[in-house]
Number of protein chains: 2
Amino acid sequence: MNDYSQFLGKIPLFRDLSSEELKEISLLAKVRNYKKNMLIFLEGEPGEALFFVISGKVKISMMTEDGREQILHILQHGDVFAEVVLIDRGPYPASAEVIETGQIGMLMNDDLENYLRTNPDLALKVLRLMSKRLRLAQIQVRDLALKDTYGRLASMLLMLAKDHGEDGPSGITIDLPLGRQELANLIGTTRETVTRILGDFKKNKCIELDKQAITIIDEAKLKTWL
Amino acid sequence: MNDYSQFLGKIPLFRDLSSEELKEISLLAKVRNYKKNMLIFLEGEPGEALFFVISGKVKISMMTEDGREQILHILQHGDVFAEVVLIDRGPYPASAEVIETGQIGMLMNDDLENYLRTNPDLALKVLRLMSKRLRLAQIQVRDLALKDTYGRLASMLLMLAKDHGEDGPSGITIDLPLGRQELANLIGTTRETVTRILGDFKKNKCIELDKQAITIIDEAKLKTWL
DNA sequence: TTATAACAATGATGCATATCACAATTTGGC
DNA sequence: GCCAAATTGTGATATGCATCATTGTTATAA
């Protein structure tokens with residue numbers, strides 16, 4: 001029998017549970033290896049578990065009937081997802097796909113729900129997580145509605161830099177396995193437009209491009225596009 | 001000393017608390033009358049209370065620096081708002097303004113927090129509320145990113161009809177104190193565009209217009225615009 | 001390494017929707 | 001009920017971005 005409490009202890013949601021509780025919950029957890037492009041769950045499927053990223057990267061996205069994709073988040077180690085289905089027992093509101101090979105943990109809703117009921121601290125933690133998500137989602141709504149594509153892309157780059165960026169000598173580098181199309185699907189535009197705007201940002205010496213990596217070399221100037 | 005437990009009992013969030021708890025909480029509540037156009041709180045102010053609508057209507061909105069508005073929700077009797085600041089103690093993420101005269105109740109965060117800690121059921125209710133909000137926000141993100149203005153307006157009308165509509169002989173009537181500009185600010189477009197699209201919907205016999213009221217007379221046809 | 005497929009860049013064109021300007025209508029205060 | 005102010009409707013024009021078409025480039029596998 002595996003003991004996953006080492007993993008759980010690194011997830012902010014479960015941090016500072018007592019080591020006993022941690023062990024107890026970890027016994028209920030399942031951990032699987034996922035390769036790039038593997039699907040974890042599909043939008044609309046009955047939601048039966050809460051997931052957390054141990055390693056690798058995960059993209060959460062929604063589709064329209066005609067097959068166009070809107071990416072909601074890019075998640076990494078420590079992030080939890082599908083928390084809404086734990087609460088309301090509805091279907092998954094979005095799909096989860098692995099975009100960088102890694103390990104994903106899962107906890108069945110039924111198993112976890114008891115902990116929520118008896119452990120108000122954990123409930124509060126889930127609340128905090130959801131309030132953070134809600135704030136982000138509302139900002140996303142505002143930006144999509146009111147900003148042009150330059151503003152949305154600049155804002156997205158700054159966000160990705162904060163969450164996934166690595167500081168380097170020339171600036172913060174975002175090196176995610178995201179193609180132009182996926183970058184476009186993050187901000188509600190097209191492949192071509194992303195190419196053109198990135199070109200403009202580069203011309204203006206806000207960023208540098210190298211293969212799939214994007215380096216922000218002048219954050220202040222990039223912010224003028226917001 | 002007023003007893004507001006009659007009001008609280010009608011708020012889904014507090015329903016099925018014991019009548020004792022209800023009374024206890026209601027003693028902490030303050031109720032105020034608000035006239036149309038009065039501001040309840042402003043985006044960015046320190047968040048110090050949770051609010052609930054007893055009567056009247058409230059609009060929740062965010063602004064950009066240059067003064068453009070994005071409306072997030074239209075709320076009515078029974079709805080709770082500013083729940084995120086109860087959890088994360090940050091500033092209000094959006095402003096709340098009364099668009100139809102009525103009574104608004106408030107509960108200071110400090111007073112309520114103890115209840116959350118000791119009453120896991122209430123915490124779960126707040127969780128359910130937030131998960132509902134989050135699902136809605138994510139759908140809004142997807143629609144803003146992927147649908148055209150016709151689709152967004154059709155979808156907004158259907159939503160408003162569900163929440164605020166009244167069934168009548170010819171269809172569901174939405175009669176909210178919202179101008180064209182505000183309708184536009186709900187779906188990220190302009191006054192003029194809303195006018196034109198409503199005109200098209202009317203020409204296609206999806207809706208009827210009478211002063212500020214909008215009646216959906218052919219829901220099925222309206223849905224074809226989605 | 002070369003072959004082949006996926007992805008990215010670039011230019012030309014078109015369309016949806018913003019913007020602007022003004023007329024028409026409705027609303028709210030006295 | 002009347003008037004001023006606010007809101008709405010409507011046409012003309014502008015433009016940001018999508019779409020389409022093509023070429024160039026980068027990954028993947030034999």
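Everything numeric in this text was worked out from a predicted model, so none of it was measured. Order of the sequence lines fixes the chain letters, A, B, ..., with proteins taken first and strands second; residue numbering starts at 1 for each chain.
Mapping B/Gly179 and A/Lys211 onto DNA chain D by nearest heavy atom places B/Gly179 closer to the 5' end of the strand.
Residue A/Asn185 contributes atom CG, which lies 12 Å from atom P of C/dC7 at whole-angstrom precision. The CD1-C1' distance, from B/Ile99 to D/dT7, rounds to 16 Å in whole Å. For the pair A/Asp66 CG and D/dT19 P, the computed distance is 10 Å after rounding to whole Å. Nucleotide D/dT10 holds its C1' atom 14 Å from the NZ atom of B/Lys202, rounded to whole Å. Per the geometry, CG belonging to A/Leu153 stands 11 Å off P belonging to D/dC17, to the nearest Å. In this structure, B/Asn37 atom CG and D/dT7 atom C1' are separated by 14 Å, rounded to whole Å. The interatomic distance linking A/Gln212 (CD) with D/dA27 (P) rounds to 8 Å, in whole Å. The separation between A/Gln181 atom CD and C/dA8 atom C1' is 11 Å, rounded to whole Å.
Checking each of A/His164, A/Glu97, A/His77, A/Glu100 against A/Lys57 for a side chain to side chain donor-acceptor pair (under 3.5 Å) leaves exactly one that passes, namely A/His164.
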* Just by protein heavy atoms under 4.0 Å, how would nucleotides 9-25 of chain C read 5' to 3' in B, S and -? -> BBBB----SSBB-----
* Verdict with reasoning, B/Ser55 to B/Gln103, per side-chain hydrogen bond (donor to acceptor under 3.5 Å, both in side chains) -> CA-CA 5 Å; B/Ser55 61; B/Gln103 289 186 303; 4.6 Å; no
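Residue-environment remark: CD (B/Gln181) exceeds the threshold of 12 foreign heavy atoms within 6.0 Å.
Nearest heavy atom pair, residue B/Trp225 against residue B/Ala154, reads CB-CB, 4.0 Å. Scanning all heavy atoms of the two residues, the minimum distance from B/Gly188 to A/Ala145 falls at CA-CB, 3.9 Å.
Between B/Phe41 and B/Phe51, a ring centre-to-centre spacing shorter than 6.0 Å is recorded.
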